[in-house]
Amino acid sequence: MSFGVEKTVSLRNYNALALDATADYFCRLGSLDDVHQALAFARANKLTITALGGGSNVVLKNTIHGLVALVELRGIRHRCVGDDVYVTIGAGEDWSSLVALSLRNHWYGLENLALIPGSVGAAPIQNIGAYGVELCDCFVSLQAIHTATGELHEMDAKDCEFGYRESIFKRRERNNYVITEVCIKLSTQPNNRWQYPALRDALEAKLEVKLGEASAVQVTPQLIAETVADIRRTKLPDPARLANAGSFFKNPLLDQQQLARLMVDEPQIPVYPAYNNLSKVPAAWLIERCGLRGYRAGEVGVHERQALVLINYGSGSAAELLALCEHIQSAVEQRFGVCLEVEPRIYGSF
Ligand code: EPU
């Protein structure tokens, strides 16, 4: 399809929260040539450019000024080196389909990340993670075009500065690149990671054994992927049916003093050790304790089965959603003195 730019386009169908934002200008990027044409258009018209993937981790306010570019770059190729499989994927490929394809080919490493909505190009931006695995565990490099210079850059994991739901693309280089492809390293040898408590419980229930060194031989990558998919289907709403952007807040990282203070009120709260002597606690637990699980304010609300997920029930607006977000943040702050950080990226203006 030839490259074209449309004016005043609704983005309602391009974001998982189904927010009715309008892009001043809109185009689709199906090839590297399209990317360069989009950059030239933006430069000629003095527009900012916002790359949009699957729209599964963004909050779009009413108007996105400038040019919104939907990344649709396709293609998957692979190269085997011994047991290692280097897979290079176009940024517009669907993440969940990639996980399924990898399993069909017996390339292992992505099974814990099954059924995460969104595109491959968006995965490094927030270093997607679930059930004990993060993208950075198999990430090799990515290619991205710098929006100001049009240069193609290759970046490795160190360049991307990955952290917990973090990368350079959410901070210093926010909006400065269009990611075009991602290379990951998988393996023909399974390396099953089943120790994440919720996954372990679900596997034990399925296999009817307590998992230990001997019994873990029954765990296969396919079983992990199936089990993760089952857990996600039970806990997390399908964005196609109930508009949502997955976890709306990050799980807070507390120092020992903050944790000790919190434990006075919440001695039962699960605590996960993190880096630098910090501890991660579930934001969903804190929100639930504030009585907000299942809370609804008009057309937006907190999911009944996962308090970390905010829902747009139909015609909810970004303003309503962000007001709900602030309501939750201040309730948690007042009760526990803990600050909840928003996970999705917020774009545009009212
Ligand atoms: N919990 C509650 N109330 C709830 C839901 C959960 O108290 O309404 C408690 C659970 O009992 C459990 C703890 O919170 O002890 C953790 O819950 P869960 O395993 O569901 O995970 P999470 O911490 O809420 C994180 C990720 C998810 C990821 C899961 C599984 C973040 C921000 N979220 O959620 O990622 O799928 O772990 O690994 O780290 C996403 O990023 O969009 C996302 C869905």
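Quick note: numbers below take in every heavy atom, side chains included, and nothing from hydrogens, waters or symmetry partners. All ligand and atom numbering here is 1-based and tracks the order in the structure.
Residue contact annotation: Arg289 has no non-hydrogen atom under 4.0 Å from ligand 1.
Only backbone heavy atoms of Phe249 (N, CA, C or O) come within less than 4.0 Å of ligand 1; its side chain stays farther off. Residue Gln126 does not touch ligand 1, judged by heavy-atom distances below 4.0 Å.
Although no hydrogens or angles enter the test, the distance criterion places a donor-acceptor pair under 3.5 Å between the side chain of Asn112 and the main chain of Arg193.
With ring centers used as reference points, Tyr275 lies 6.0 Å or more from Tyr164. Residues Phe41 and Tyr25 place their aromatic rings such that the two centres sit under 6.0 Å apart. Ring centroid separation for the pair Tyr177 and His153 comes in under the 6.0 Å cut-off.
Close approach of ligand 1 to Arg232 (heavy-atom distance below 4.0 Å) involves ligand atoms 36 (O). Residue Lys235 has at least one heavy-atom neighbour below 4.0 Å for each of these atoms of ligand 1: 18 (P), 19 (O), 20 (O). Taking every non-hydrogen atom of Gly246 and a distance limit under 4.0 Å, the qualifying atoms of ligand 1 come out as 42 (O). Heavy-atom proximity to Ala130, at under 4.0 Å, picks out these atoms of ligand 1: 36 (O), 38 (O). Each of the following atoms of ligand 1 lies closer than 4.0 Å to a heavy atom of Arg293: 8 (O). Residue contact check: Pro270 has heavy atoms under 4.0 Å from atoms 15 (O) of ligand 1. Shown in contact with Tyr164 at under 4.0 Å from a heavy atom are these atoms of ligand 1, numbered in order with element: 31 (C), 32 (C), 39 (O). In summary, the atoms of ligand 1 found under 4.0 Å from a heavy atom of Trp285, numbered by their order in the structure, are 2 (C), 7 (O).
Side-chain contact, Asn127 with Glu166: no donor N or O sits under 3.5 Å from an acceptor N or O.
In this structure, atom 12 (C) of ligand 1 lies nearest to the protein heavy atom Tyr272 OH, 4.3 Å. In this structure, atom 9 (C) of ligand 1 lies nearest to the protein heavy atom Pro282 CB, 4.3 Å. Given atom 20 (O) of ligand 1, the protein heavy atom at minimum distance is Gln306 NE2, 3.0 Å. Counting only heavy atoms of the protein, atom 8 (O) of ligand 1 lies nearest to Ala307 N, 2.9 Å. Looking at atom 21 (O) of ligand 1, its nearest protein heavy atom turns out to be Tyr196 OH, 3.9 Å. Here the protein heavy atom with the shortest distance to atom 43 (C) of ligand 1 is Ser247 OG, 3.1 Å. In terms of protein heavy-atom proximity, atom 3 (N) of ligand 1 is closest to Glu288 OE1, 2.5 Å. At the shortest separation from atom 1 (N) of ligand 1 among protein heavy atoms lies Ala284 CB, 3.8 Å.
The presence of a protein heavy atom under 4.0 Å from atom 35 (O) of ligand 1 is confirmed.
From His327, atom NE2 reaches atom CD1 of Ile287 across 11.0 Å, with rounding to the nearest 0.5 Å. Between Gln306 atom CD and Thr234 atom OG1 the span is 11.5 Å, to the nearest 0.5 Å.
In the displayed structure, Gln257 atom CD is contacted under 6.0 Å by at most 12 heavy atoms of other residues, nucleotides or ligands. Within a 6.0 Å radius of CD in Glu304, other residues, nucleotides and ligands contribute 12 heavy atoms or fewer.
Glu161 has a carboxylate O that lies under 4.0 Å from a charged side-chain N of Arg172, or vice versa, which qualifies the two as a salt bridge.
By the criterion of side-chain heavy atoms lying less than 4.5 angstrom apart, applied directly or through intervening Ile, Leu, Val, Met, Phe, Trp or Tyr residues, Phe3 is grouped together with Leu39 in one hydrophobic cluster.
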*Glu320 and Ser317: side-chain hydrogen bond (donor to acceptor under 3.5 Å, both in side chains), yes or no, with the steps?*
CA-CA 5 Å; Glu320 284 173 277; Ser317 65; 3.3 Å; yes
